[in-house]
Amino acid sequence: MKLPPGAIITEPGNSANYETGGWRSRKPEVDAAKCTGCGLCSMYCPEPCISKSKPAVVNYRYCKGCGICAAECPFHAITMVEEERT
Amino acid sequence: MRQMLNGDEAAAIAAKLARVNVVSAYPITPQTIVVERLSEFVANGELGAEFMKVESEHSALSACIGASAVGARAFTATSSQGLMLMSEMLFVASGLRLPIVMVNANRSLSAPLSIWCDWGDSMAVRDCGWVQLQCENNQEVLDSTLQAFLVAESLLLPVMVCFDGYILSHTAEPVDVPGQAEVDRFLPPYRPKYKLDPEKPATMGAMGVPEYYEEFKFMQQAAMQAAKEELVKADNEFAKHFGRKYGLIEKYHSDDADVLLLTMGSLSSSVKEIIDRYRRRGEKVGLVKVRAFRPLPVDELIEALGHAKAVAILEKDVSFGSAGALFLDTAASFINVDKAPLMIDFICGMGGRDVDSLHIKEALRAAAKAAKAGEVKKIVRWLGLREKLVGLEE
């Protein structure tokens, strides 16, 4: 692949190729028993990577681990846990 | 058609002949006339461009960046503090590889406040990734501005055409103004390969993460190196159409001279007068004029200066704590070269101080003395400095 001059991105939508999940040090875990599927976490997620479903599902390929979802969940269904290094 | 034009008018007419699509500039002394003329050309219908009025030079260049990004041929002009205010966007323009052309009427930087000429402004931004040309006279201002578009658009590099404030910007000289039809044959319309277009979405100005940033900087440097050849090509093409040619450097009676002066811009004309006088007396002295300062014509400088015993560099700028930029670059050009001439750096003409024949002769004498002695006692000197005023002399 030869880079285009000026760092122009000529293919729309290719930011999906950039997996920001690698930035994460802590990850959100959803407790399916507590989750009501209200969708607040999905709306608050700055990376839109939580589904509006019951239970909510996090897309760990893109989740940066900011923790907003865990802080906002009114049912305390999301907790931030340390990433395990392998 | 020959007209009496000052440097600013020559630049404005060149932009008009280049059929620029967008002009965005903020008036500043001594560039003001460029903006005045272009706004008149747009107002009276001579130039079918969009004239974008802005509140600052930062915005002027930003507007040109936007215009160039959507595929317009964009032009701006500035001086001194205006160039400083633009400096953030200078790097954006070159980094995005947008072929904007700007003229800069060289003016010193505040403080103390000064509206007169030196090269402090363009030298302060010499690393901004723009091609920098320095003009000797108003004909060269017009011709270089036309050539600038050709070079800029072929390599996607912005070009800054510099000329000495007041000495050229406000001095009328006879200038041969080419006809529109001939300019159209020389300079085809800009057809960008990449542009912002809703029909074909693209992103400009995205983040360059560490895995990519270095490659983009390398590509800028490669394009800048290629600009040397492209400048020569444009110059040759220009000569075919208009019969005038400038080169990356100009050699004036330099080939057989042991003692040489090296300078840029309008000062070259004054030096040529002095060289002629020495030559009539049979003294072998010469001049090398640098026209392209970025990219630096390293090989050409080595070829032109290498045979000399001593070179005196005359320049209207200083890199505080080091030396003049032209001297530093010339000296660095000779790194790893077997035989280099002795070099003396003369800082002169600061803040519009006149560089007269006595100063030029003093520089020549110093270079001749160094050539004879085979050594340089003091490398950086200030020509015409009133030493009593700075406590150097009782």
Side-chain angles (χ1 to χ4, degrees), chain A residues 1-30 39-53 56-72 78 80-86, chain B residues 64-66 68-71 74 89-100 128-131 151-158 190 192-227 230:
Chain A
M1 177 195 68
K2 193 166 176 280
L3 295 171
I8 186 170
I9 297 168
T10 53
E11 177 198 338
N14 67 2
S15 61
N17 298 339
Y18 189 46
E19 296 186 5
T20 48
W23 298 15
R24 200 170 55 233
S25 63
R26 293 191 309 152
K27 66 175 178 184
E29 271 182 6
V30 181
L40 267 182
C41 56
S42 174
M43 281 193 282
Y44 272 109
C45 177
E47 294 299 324
C49 61
I50 308 185
S51 68
K52 193 180 173 186
S53 58
V57 178
V58 180
N59 186 340
Y60 291 113
R61 284 170 69 194
Y62 302 106
C63 169
K64 294 171 179 169
C66 69
I68 291 174
C69 53
E72 294 297 336
I78 305 176
M80 298 302 290
V81 299
E82 290 295 320
E83 281 284 346
E84 279 173 32
R85 303 276 169 219
T86 49
Chain B
C64 286
I65 287 169
S68 186
V70 297
M89 303 318 289
L90 290 173
F91 290 80
V92 175
S94 60
L96 291 176
R97 303 291 297 277
L98 298 172
I100 299 160
C128 69
W130 286 53
V131 171
V151 173
E153 290 164 11
S154 68
L155 287 171
L156 302 179
L157 281 178
Y190 175 40
K193 188 176 175 196
Y194 304 103
K195 63 176 177 179
L196 294 182
D197 179 358
E199 299 296 317
K200 198 172 172 281
T203 302
M204 279 190 194
M207 185 175 288
V209 291
E211 294 91 326
Y212 289 101
Y213 189 88
E214 190 164 318
E215 280 71 24
F216 287 114
K217 293 300 120 178
F218 178 86
M219 288 162 76
Q220 267 181 267
Q221 168 75 338
M224 207 51 154
Q225 301 292 5
E230 210 61 37

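In the text below, chain A, chain B and the rest are named by the order of the sequence lines, each starting its count at 1.
Contact residues of residues 5-12 of chain A toward chain B are A/Pro5, A/Gly6, A/Ala7, A/Ile8, A/Ile9, A/Thr10, A/Pro12 (heavy-atom distance under 4.5 Å). Along residues 203-210 of chain B, the residues that come nearer than 4.5 angstrom to chain A, judged on non-hydrogen atoms, are B/Thr203, B/Met204, B/Ala206, B/Val209 in order of number.
Between A/Pro4 and B/Phe216, the shortest heavy-atom contact is O-CE2, 3.2 Å.
Within a 6.0 Å sphere centred on OH of A/Tyr60, heavy atoms belonging to other residues, nucleotides or ligands number more than 12. Enclosure of atom CD in B/Glu214 is not indicated, since only 12 or fewer non-hydrogen atoms of other residues, nucleotides or ligands lie within 6.0 angstrom.
For chain A, the nearby parts of B/Leu96 are the backbone and the side chain; heavy atoms of each come within less than 4.5 Å.
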